[in-house]
Every structure is written in structure tokens, then in C-alpha cells.
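Below: the structure, in C-alpha cells.
What's counted below: heavy atoms across the whole structure, side chains too, no hydrogens, waters or symmetry copies.
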Amino acid sequence: MPELPEVEVVRRGLERWVTGRKVADVTVSHPRAVRRHVPGPEDFAARLTGRTIGTPRRRGKYLWLPLDGDEALLAHLGMSGQLLVRPPDAPDETHLRVRLRFTDDVHELRFVDQRTFGGLALADVTPGDGVPLPVAHIARDPLDPDFDDEAFAAALRRKRTGLKRALLDQSLISGVGNIYADEALWRARLHYARPTETITRAQVRPLLAAARSVMSDALEQGGTSFDSLYVNVNGESGYFDRSLDAYGRAGLPCRRCGTLVVREPFMNRSSYRCPRCQPRPRRLHG
DNA sequence: TTACTGACCTGCACGC
DNA sequence: TGCGTGCAGGTCAGTA
């Protein structure tokens, strides 16, 4: 599932392969893939054709390709989205949604998405920092050099919710999804339902350090992939799933203390924790 | 204003 | 073999 490390791996691939290329034509095979482009698929294709792509950028799980002018091609991979760089004669993928051909005709960019939670859109960018308007409300991610630890700690303590809910709140901290939230909480030895208002600044520091270390480790290994749904632009999977300490390890011994990891329902999905390293707090939230 | 819930969507695993 | 069900989960509109 694409979270920050996986999206960054894709961004780096795009930086190498599509920067400076000019779009020759665009084919939208599935309108839902561009549903966030309100004027519709035809407008999307027409306005993208002939544009030159700048250096890809990212905030949290969103990435965008700056275009000449004050616009960008904004992408979110959702659950199963892939941005693939393919030779033009490569067979179409089963869930190919959008195809961009370039004027040099060496490679084409394909947006493939099985579950169609992801999508592409053209968006205006803010004049100052060049961030697309639909992404302006997204907080910086913990790997961003401008991420403000103190402001995050203060905002976290102002919340009245559970710790994991807060970690998944992209307006508070971006790039963290279900997998890396569980991993960061395991590394920081914190329970997912710990009330945010009880978190001390001294506990926020190791939590942020844990989030940064787990995502940096994942980035080094090309991201996390449990199946073929997450791949880089060349269609290759990452290896970090072999290094996960909590997520997906229900019934297996904790790598730290040997206690069996448990899976618990959380927000209509799952949370994994070690009952000994991450005991239930007296007060629960979320 | 803030926190929370459910819908969206598809393929796979599993049980019957 | 075929069918039904549960599960995976990021985002956002709607609700409390």
C-alpha cells in the first residue's frame, strides 16, 4: 500500500524518466481515474497535451508533476495505483486507466490502478511554494526538513482523539498510513488508543524519531509491498515487508520481547501491537 | 468547530 | 466448480 516511502520511490523514478519531457497525447481509459479533475476526461487530456513536465515533487502521499505555467499534474496512488514508465510497445496492463505519450516516443507514462481509489487531476499551484491547491491543507511529512516538531507536539496535545487516529490525520502529519503508524508506535512502545492530550513532549520526540527511522528504512529498501499492488516506475516491488515488526505479524512473537503480536479492529481496519511493549493505557481513545 | 463513520472499489482467500 | 462473504485501506462527504 503506497505510503510516504513508496510514493517517494515512485517520485524518484519519475524524476529520472519524465522530467523535461513534452506530452504528445493523453488517453483516459477509465473516467473514474480523473474524477477529481472536475471539467472531465476530455478537458484533462486536452489541457495536458503539449505541456512540458518539470521535476516531480511530493507532499505526504501526494505527488505532482509541475507543468509549464501555474499548473501541475497531481497524482494520488490511493490503495493500488501505479505510475509506470513503459516502452510504447509493452502490452497494456489489465487496469490501465490513463496513458501519456511523449513527443520523443521512447517511453510512455501509464497510470494503472486496480481499485481506482487513486487518481490524476490538473490543478493550479499556489504562487509561493508551487504546491497544488488541493494539497495545500496537507501537513508536511516527518522527512521534510521544514517539518516543525514543536508545532506538531502542540497540535497533537490540542487534539482529543487516539494517537493512531492523529497519526493518520494528514492535516496534522502527512505520509503516515496504517502500516507505518503501527510500525512507528511499536518502535516508540506506545498504544494506538493512547489519548493524544496525555502525550508528553518527551514522548513525541521518540515517536517522531520512530516514524522517521521506519520510513527511512523502508525507503532504503524500495518500500513495502505485500503483493504486486505497490511497485516502482519500472514495475519492481520493494522489500521492506520482510522487515516489519508489527504490521501483519498477528500470532507471531514480538521481535523485542517474544510476546505474541495481536491484531485488533481499528477504524474498520486493523491495528497490530505487542501487548507487552505497547500495553493498554488506563484511558483509551479512538 | 471538531471528531467520527461509512462509502467508494476490486481482487483474493476462504468456507460452504 | 461456483457462489457468497470478509478483508485490504486512503480520502472525503456527511453526520453527530
Side-chain angles (χ1 to χ4, degrees), chain A residues 1-8 10 29-38 58-64 74-83 93-98 111-121 123 132-139 141 154-185 192-199 211 215 218 223-231 237 240-241 244 246-251 262-272 283-286:
Chain A
M1 309 305 163
E3 298 182 31
L4 187 154
E6 292 75 38
V7 178
E8 176 60 18
V10 171
S29 311
H30 196 302
R32 187 175 153 78
V34 294
R35 66 192 179 283
R36 291 193 180 91
H37 186 82
V38 178
R58 179 188 60 75
R59 177 167 286 187
K61 300 169 199 169
Y62 284 91
L63 64 84
W64 64 93
L74 180 63
H76 195 289
L77 301 180
M79 296 287 297
S80 53
Q82 303 172 350
L83 281 165
E93 291 74 11
T94 305
H95 302 102
L96 175 62
R97 309 304 190 191
V98 180
F111 180 68
V112 176
D113 192 6
Q114 177 195 96
R115 296 178 194 170
T116 65
F117 276 40
L120 306 178
L133 292 176
V135 183
H137 70 289
I138 301 291
D141 62 66
L156 189 67
R157 287 170 55 79
R158 279 197 300 272
K159 287 275 183 183
R160 293 291 180 269
T161 188
L163 187 50
K164 185 171 172 181
R165 278 184 191 276
L167 289 177
L168 297 177
D169 182 347
Q170 303 296 301
S171 65
L172 199 61
I173 180 172
S174 69
V176 182
N178 202 40
I179 296 172
Y180 294 117
D182 278 0
E183 292 300 306
L185 290 167
Y192 61 85
R194 171 77 179 268
T196 49
E197 62 269 33
T198 70
I199 301 290
M215 290 199 281
T224 301
S225 181
F226 298 101
D227 46 35
S228 60
L229 286 185
Y230 161 68
V231 294
S237 294
F240 191 68
D241 57 310
L244 293 173
Y247 186 87
R249 287 181 48 81
V262 297
R263 169 187 173 274
E264 294 170 332
F266 172 81
M267 291 175 72
N268 292 324
R269 48 204 62 163
S270 299
S271 262
Y272 297 85
R283 271 182 61 205
L284 289 177
H285 213 324

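Looking only at side-chain heavy atoms (C-beta outward), Tyr192(A) and Leu163(A) stay at 4.5 Å or farther from each other.
Distance from the side chain of Asn268(A) is smallest for dG6(B) among the nucleotides dG6(B), dC4(B), dT10(B).
Here NE2 of His76(A) is found 6.0 Å from NZ of Lys61(A). Values are rounded to the nearest 0.5 Å.
Rounding to whole angstrom units, NE2 of residue His30(A) and P of dC8(B) are separated by 14 Å. Between the CD atom of Glu264(A) and the C1' atom of dA8(C) there is a distance of 18 Å, given to the nearest Å. Rounded to whole angstrom, the span from the CZ atom of Arg158(A) across to the P atom of dT1(B) amounts to 15 Å. Rounded to a whole Å, the CZ atom of Phe117(A) is 12 Å from the P atom of dG11(B). Whole-Å rounding puts the Asp113(A) CG to dC8(B) C1' distance at 12 Å.
Here the closest non-hydrogen pair linking Asp113(A) and Ser80(A) is OD1-OG, 2.6 Å.
Using a 4.0 Å heavy-atom criterion, one finds that Arg263(A) contacts the sugar-phosphate atoms exclusively.
In this model, the phosphate group of dC9(B) is approached by a side-chain N or O of Arg32(A) to a distance below 4.0 Å at OP1 or OP2. Remark: Arg115(A) is not in phosphate contact with dC7(C), judged by side-chain N or O atoms under 4.0 Å from OP1 or OP2. Not one side-chain nitrogen or oxygen of Ser80(A) sits closer than 4.0 Å to the OP1 or OP2 atom of dA8(C). Residue Lys159(A) places at least one side-chain N or O under 4.0 Å from the OP1 or OP2 atom of dA3(B). Between His95(A) and dG11(B) there is a side-chain N or O to OP1 or OP2 distance below 4.0 Å.
Annotation: the terminal axes of the helix from dT2(B)-dA16(C) to dC16(B)-dG2(C) meet at 50°, where each axis is the rotation carrying the C1' atoms of four end pairs onto the next four (5 pairs per end, rounded to 10°).
For Phe117(A), the ring pair (Phe, Tyr, Trp, His ring centres under 6.0 Å) criterion is met by no residue, not counting sequence neighbours. The side-chain contact (heavy atoms from CB on, under 4.5 Å) test applied to Arg263(A) returns Ala250(A), Ser270(A), Tyr272(A), not counting sequence neighbours. In terms of the side-chain contact (heavy atoms from CB on, under 4.5 Å) criterion, Ala139(A) has no residue partners (sequence neighbours excluded). By the side-chain contact (heavy atoms from CB on, under 4.5 Å) test, His95(A) pairs with Arg97(A), Val112(A), Gln114(A), sequence neighbours left out.
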Check the pair Leu185(A) / Leu167(A) against side chain to side chain contact (heavy atoms under 4.5 Å, CB included), numbers first and verdict last. CA-CA 10 Å; Leu185(A) 290 167; Leu167(A) 289 177; 4.0 Å; yes
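In this structure, Asp169(A) and Thr116(A) both approach DNA chain B, and ranking their closest nucleotides by distance from the 5' end singles out Asp169(A).
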If you restrict it to nitrogen or oxygen atoms, what contacts under 3.5 Å exist between nucleotides 11-13 of chain C and the protein, and what is each distance?
from	atom 1	to	atom 2	distance (Å)
dT11(C)	OP1	His76(A)	NE2	2.4
dT11(C)	OP2	Lys61(A)	NZ	3.4
dC12(C)	OP1	Tyr62(A)	OH	3.2

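With hydrogens and angles disregarded, no donor-acceptor distance shorter than 3.5 Å links the side chain of Gln170(A) to the backbone of Gly60(A).
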